[in-house]
Amino acid sequence: MTSLLLLADADHAAGRSDRAAILLGAAENLAPRSPASPEPPLRAVLRERLGPAGFATALATGRSTPLTALPSL
């Protein structure tokens with residue numbers, strides 16, 4: 001999961017917000033976030049940048065994409 005979060009951070013820094021949110025969704029699929037835990041800063045930034053609908057779509061894509069398919073996204 002940590003590797004996916006690092007890749008998401010790198011993609012965000014490179015201006016690839018869609019891919020960053022997809023990777024974040026994949027990471028959260030492997031280790032779901034507790035609803036009681038504070039929202040990670042990257043999650044909030046990506047939601048703001050992509051808008052609620054775009055962010056939700058990218059997260060859903062990441063959650064449903066097999067890990068082996070992530071490099072091709």
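These numbers were taken from a predicted model, which means no experiment stands behind them.
Separating the CD atom in Glu28 from the CG atom in Leu5 is a distance of 8.0 Å, to the nearest 0.5 Å. Of the inter-residue distances, the one linking Thr65 atom OG1 with Leu23 atom CG reads 9.5 Å to the nearest 0.5 angstrom. The CG atom of Leu24 sits 11.5 Å away from atom OG of Ser17, with the distance rounded to the nearest 0.5 Å. One finds the CZ atom of Arg16 at 9.5 Å from the CG atom of Leu7 (value rounded to the nearest 0.5 Å). Taking CZ from Arg19 and CG from Leu70, the interatomic distance works out to 7.0 Å, rounded to the nearest 0.5 Å.
Here the closest non-hydrogen pair linking Ala8 and Leu42 is CB-CD2, 3.9 Å. The two residues Asp18 and Ala58 make their nearest non-hydrogen contact at O-CB, 4.0 Å. Nearest heavy-atom pair across Arg63 and Gly25 is CG-O, 3.3 Å.
The shortest distance between side-chain heavy atoms of Arg43 and Phe55 falls below 4.5 Å. Leu67 places a side-chain heavy atom less than 4.5 Å from the side chain of Leu4.
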